[in-house]
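The structure under discussion appears below in the form of structure tokens.
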Amino acid sequence: MLAKRIIPCLDVKDGRTVKGVNFVDLRDAGDPVELAWQYSQQGADELVFLDITATHERRKTTVDLVRAVASQINIPFTIGGGINELKDADILLNAGADKISINSTAVRNPKLIDELAATFGVQFVVVAVDTRFVDGRNYVHLRGGRDITEIETEDWIKEAESRGAGEILLTSMDHDGTKNGFDIHLLDKINKQISIPLIASGGAGNQQHFVDVFEKAQVDAALAASVFHYGEILIPELKQTLQENQIPVRL
């Protein structure tokens, strides 16, 4: 069985790492370059860097900051935010990205998934999906969760896979920042419908939440932010707990 991955996420705004609850009330969580170095040293399997206001502010991801983070780590590095065309992805790849994450742009222009997969390979393309439960259904949200669409989450994820997404990063906006656990029901449902890796995001509050999401939803990776940024969970201890629960991890 493949090792399960633990992925810290750096949500970056104005050059600083931030974290909120349900995508609002952001507070400072530290210097992204320093945090990236710490996570690389702690044994994180990958790192995700999301420029969370790039799309909303209609600008590109801050390449200099990406380059600075990449210089401090030796683990796979995914970057998202403000990627609208192949050229943007190429610039980030040259700045140190191993993968790119697209979200709002992919929904508005699904052909971009096809183009990125054809140009760089499916392993390079992560499609991030922000979802919220509304009137009995899960709907895709855009621009950092600001805009609801009429697209149902399950339908969109299946289309993204068919177009060449190599991985899905699924964030439950209802669970995000609450520390009440991942949306296991939704993650399990989605995971049974796709054949590419699924990364769980939104809701991690303690080590048991990671055990639960790997055991019950069989996801390939679990992503978290604040519990790592504020030292509430240390990655070496988390991996030890997962191993004790017979969940395969890289120590």
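These numbers were taken from a predicted model, which means no experiment stands behind them.
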Matching residue for Val249 among Asp45, Leu242, Leu238 - test: side chain to side chain contact (heavy atoms under 4.5 Å, CB included): Leu242
Shared hydrophobic cluster, Val122 / Ile168 (ILVMFWY, side-chain heavy atoms < 4.5 Å): no
Any Ser40 side-chain heavy atom under 4.5 Å of Leu47 side chain: no
Among Asp183, Thr153, Asp174, side chain to side chain donor-acceptor pair (under 3.5 Å) partner for Thr131: Thr153
Test item: Asp88 side-chain N/O and Glu85 main-chain N/O as donor-acceptor pair under 3.5 Å: yes
Contact check, side chains of Phe214 and Val219, non-hydrogen atoms, under 4.5 Å: yes
Polar side chain donor-acceptor pair, Ser195 to Glu161, under 3.5 angstrom: yes
Point-to-point distance, once rounded to the nearest 0.5 Å, from OG1 of Thr178 to CE of Met173: 12.5 Å
same_hphob_cluster(Ile79, Leu93) at 4.5 Å side-chain heavy-atom cutoff: yes
Sub-4.5 Å side-chain heavy-atom contact between Leu86 and Leu116: yes
Side chain to side chain contact (heavy atoms under 4.5 Å, CB included) assessment of Leu142 paired with Thr149: CA-CA 7 Å; Leu142 306 182; Thr149 70; 3.6 Å; yes
Arg163 bridged to Glu159 by N-O distance under 4.0 Å: yes
Val69 versus Phe77, closest heavy-atom pair with distance: CG1-CZ, 3.4 Å
Residues Asp31, Arg16; criterion side chain to side chain contact (heavy atoms under 4.5 Å, CB included); working and verdict: CA-CA 5 Å; Asp31 173 30; Arg16 297 289 291 178; 3.7 Å; yes
4.5 Å side-chain heavy-atom contact, Arg250 and Arg5: yes
Nearest heavy-atom neighbours spanning Lys239 and Leu251: CB-CD2, 3.6 Å
Spacing of CD belonging to Gln207 relative to CD belonging to Glu237, to within rounding of 0.5 Å: 6.5 Å
Polar side-chain atom of Asn109 near backbone of Thr105 as donor-acceptor pair, under 3.5 Å: no
Phe210 to Ile233 - nearest heavy-atom pair and separation: CE1-CD1, 3.8 Å
Backbone of Leu50 reached by a side-chain donor or acceptor of Asp11 within 3.5 Å: no
Between CG on residue Asn206 and CD on residue Glu232, distance to nearest 0.5 Å: 10.0 Å
Shortest non-hydrogen contact between Tyr39 and His229, atoms and distance: OH-ND1, 2.6 Å
Side-chain ion pair, Asp64 and Arg67, N-O less than 4.0 Å: yes
Residue pair Leu186, Leu170: steps toward the side chain to side chain contact (heavy atoms under 4.5 Å, CB included) verdict: CA-CA 10 Å; Leu186 176 63; Leu170 182 61; 4.1 Å; yes
Considering all heavy atoms, the nearest Ala200-Phe182 contact: O-CE2, 3.7 Å
pair Val134-Ile148: side-chain heavy atoms closer than 4.5 Å: yes
Spacing of CG belonging to Asn191 relative to CD belonging to Gln193, to within rounding of 0.5 Å: 9.5 Å
Evaluation steps, side chain to side chain contact (heavy atoms under 4.5 Å, CB included), between Ile102 and Asn84: CA-CA 8 Å; Ile102 51 174; Asn84 299 309; over 6 Å; no
Rounded distance (nearest 0.5 Å) linking atom OH of Tyr139 with atom CG of Asp155: 10.0 Å
From Ile235 atom CD1 to Gln41 atom CD, the distance as rounded to the nearest 0.5 Å: 11.5 Å
Side chain to side chain, Trp156 and Val127, heavy atoms closer than 4.5 Å: yes
Atom of Ile83, atom of Ser101 and distance for their closest heavy-atom approach: CD1-O, 3.7 Å
